[in-house]
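Atoms considered below: every heavy atom in the structure, side chains included; atoms not considered: hydrogens, waters and symmetry mates. Letters go in sequence order (proteins before strands), and every chain restarts at 1.
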There are 2 protein chains.
Amino acid sequence: MKQRESITQHTRQNIIDAFWSLYCEKTIDKITVKEITQKAGYNRSTFYEYFHDAYDVLDKLEETLIPNLSELPPITVLSKDFGLPTDLFMDLFEHNKKYYAVLLSENGDPAFTSRLKKVIKPLLMSAFTGSTKPINHSLDYTLEYTLSAMIGILSYWISSPKPLPNDELYALVHKLMQEGSLKILQENHAV
Amino acid sequence: MKQRESITQHTRQNIIDAFWSLYCEKTIDKITVKEITQKAGYNRSTFYEYFHDAYDVLDKLEETLIPNLSELPPITVLSKDFGLPTDLFMDLFEHNKKYYAVLLSENGDPAFTSRLKKVIKPLLMSAFTGSTKPINHSLDYTLEYTLSAMIGILSYWISSPKPLPNDELYALVHKLMQEGSLKILQENHAV
DNA sequence: TTAAATAATACAACACTGTGTTGGATTAAC
DNA sequence: GTTAATCCAACACAGTGTTGTATTATTTAA
């Protein structure tokens with residue numbers, strides 16, 4: 001049963017890899033099962049032994065890319081700089097850059113952003129209120145604002161051909177969160 | 001020639017409407033031309049007289065939803081509150097709520113967000129530097145951060161079943177931009 | 001002013017591509 | 001030798017995009 005398992009895992013991964021190389025080139029609806037299996041070197045019907053359709057492959061792949069709650073240090077980081085754990089986010093994005101850059105691009109999957117928020121938001125919520133459910137609207141909207149901003153700037157960062165050095169980005173994000181974007185925009189205007 | 005034109009426009013709009021009612025229910029790849037034309041009351045092949053495929057319908061529809069540069073007052077608003085024209089954004093989102101709420105949702109189109117940014121960013125850029133191209137990275141990243149945040153919070157707002165009153169949202173966004181999200185998060189923490 | 005010619009709108013039918021399933025062949029594990 | 005996994009060939013079906021044609025509105029010319 002040992003060799004069989006490894007074969008299965010291997011085939012599965014081959015299909016995922018073939019899918020991903022196609023997903024980097026075109027949107028998912030243009031990807032056919034035929035193409036995937038051709039690239040991976042299998043019969044088309046073999047695909048259906050492993051996945052339901054192309055969207056199923058994407059779904060399973062995304063699942064591995066969503067940070068595991070139990071892996072993230074829950075409150076420690078929040079108390080450290082009393083805000084969003086910027087360094088953790090940067091690590092997450094940089095580490096999975098290959099996938100994140102595509103999934104969060106204009107050809108990517110809006111559901112992935114949603115999934116990310118859905119995992120992280122309650123985490124932050126509980127850090128601030130002790131409960132995962134929003135106590136007041138202000139906090140809820142503020143988190144949505146900040147999370148969107150964070151995901152937006154980090155997507156931009158990892159997609160950039162010449163990305164900002166890590167420390168500069170870190171400093172900028174912190175300044176943005178501590179002093180507001182307006183102040184920084186005004187400084188730029190003065191220059 | 002008058003009646004012919006109006007028939008064309010009418011048919012075209014019928015197809016777009018039928019498409020949209022389907023797009024509200026499911027993702028675009030599950031929408032067939034057959035369904036669209038059935039709902040609109042035409043033969044399937046009539047569709048191809050008007051659009052290339054379902055994506056073409058979406059594309060044309062989105063085009064009408066992207067704010068026209070010439071319609072937006074260019075610098076006046078920026079100088080008013082020396083930042084992002086929050087009220088303009090709120091108007092834009094509220095006015096096109098029916099479409100924006102879907103297009104910016106997890107079942108929507110990431111390309112639409114991209115299109116929005118691509119139109120608005122140079123506008124803001126030129127307001128701050130006089131040129132549409134970024135002079136320094138800091139400004140570029142700051143705009144990306146703020147635009148992402150703005151689009152994020154406004155999407156959340158219009159999708160909410162019981163949305164925050166306009167004036168409260170406006171005040172919150174201004175505070176977020178002027179003082180930074182951290183301060184507001186800290187205030188919430190204290191409560 | 002009316003009848004014929006033209007151009008638009010809509011559709012039926014066709015060839016093609018991709019989908020998902022079923023039943024069978026091969027090969028490893030027991 | 002039996003069982004079960006992996007893979008594949010073939011089938012029925014659904015959706016696509018095109019082509020040729022009928023119908024009807026507009027234009028042209030007698």
Output the rounded distance in Å from [atom1] ([X]) to [atom2] ([N]).
X: A:Phe51; N: C:dT19; atom1: CZ; atom2: C1'; value: 17 Å
X: B:Asp53; N: D:dT18; atom1: CG; atom2: C1'; value: 14 Å
X: B:Tyr55; N: D:dG17; atom1: OH; atom2: C1'; value: 16 Å
X: B:Tyr42; N: C:dA10; atom1: OH; atom2: P; value: 6 Å
X: A:Asn43; N: C:dG23; atom1: CG; atom2: C1'; value: 13 Å
X: B:Phe47; N: D:dG15; atom1: CZ; atom2: C1'; value: 12 Å
X: B:His10; N: D:dA25; atom1: NE2; atom2: C1'; value: 17 Å
X: A:Tyr48; N: D:dA5; atom1: OH; atom2: P; value: 22 Å

Only counting residues at least two apart or in another chain, list the ones meeting side chain to side chain donor-acceptor pair (under 3.5 Å) with A:Glu94.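 Expected list: A:Asn166.
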Who are the side chain to side chain donor-acceptor pair (under 3.5 Å) partners of B:Arg115, not counting sequence neighbours?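 Expected list: B:Asp59, B:Glu62.
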Candidate nucleotides C:dA10, D:dG17, C:dA12, ranked by approach to the side chain of B:Ser45 - the nearest: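 Comparing C:dA10, D:dG17, C:dA12 against the side chain of B:Ser45, the answer is C:dA12.
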Inter- and intrachain pairs under ring pair (Phe, Tyr, Trp, His ring centres under 6.0 Å), touching residues 93-121 of chain A, at least two apart: A:Trp20-A:Tyr99, A:Phe93-A:Tyr100, A:Tyr100-A:Phe112
With a 4.0 Å heavy-atom cut-off, tell me which residues in residues 18-39 of chain B come close to DNA chain C, sorted by residue number.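 Correct list: empty, so none.
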Any residue meeting side-chain contact (heavy atoms from CB on, under 4.5 Å) with A:Ser21, in chain and number order, not counting sequence neighbours: A:Lys39
Residues in side-chain contact (heavy atoms from CB on, under 4.5 Å) contact with B:Asn43, at least two apart in sequence or another chain: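 Expected list: B:Ser45, B:Thr46.
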I'd like to know if the side chain of A:Trp157 reaches the main chain of A:Leu164, judged simply by a donor and an acceptor atom lying under 3.5 Å from each other, with no hydrogens or angles considered. yes
Is any side-chain N or O of B:Arg44 under 3.5 Å from a base N or O of D:dG17, one able to act as donor and the other as acceptor? yes
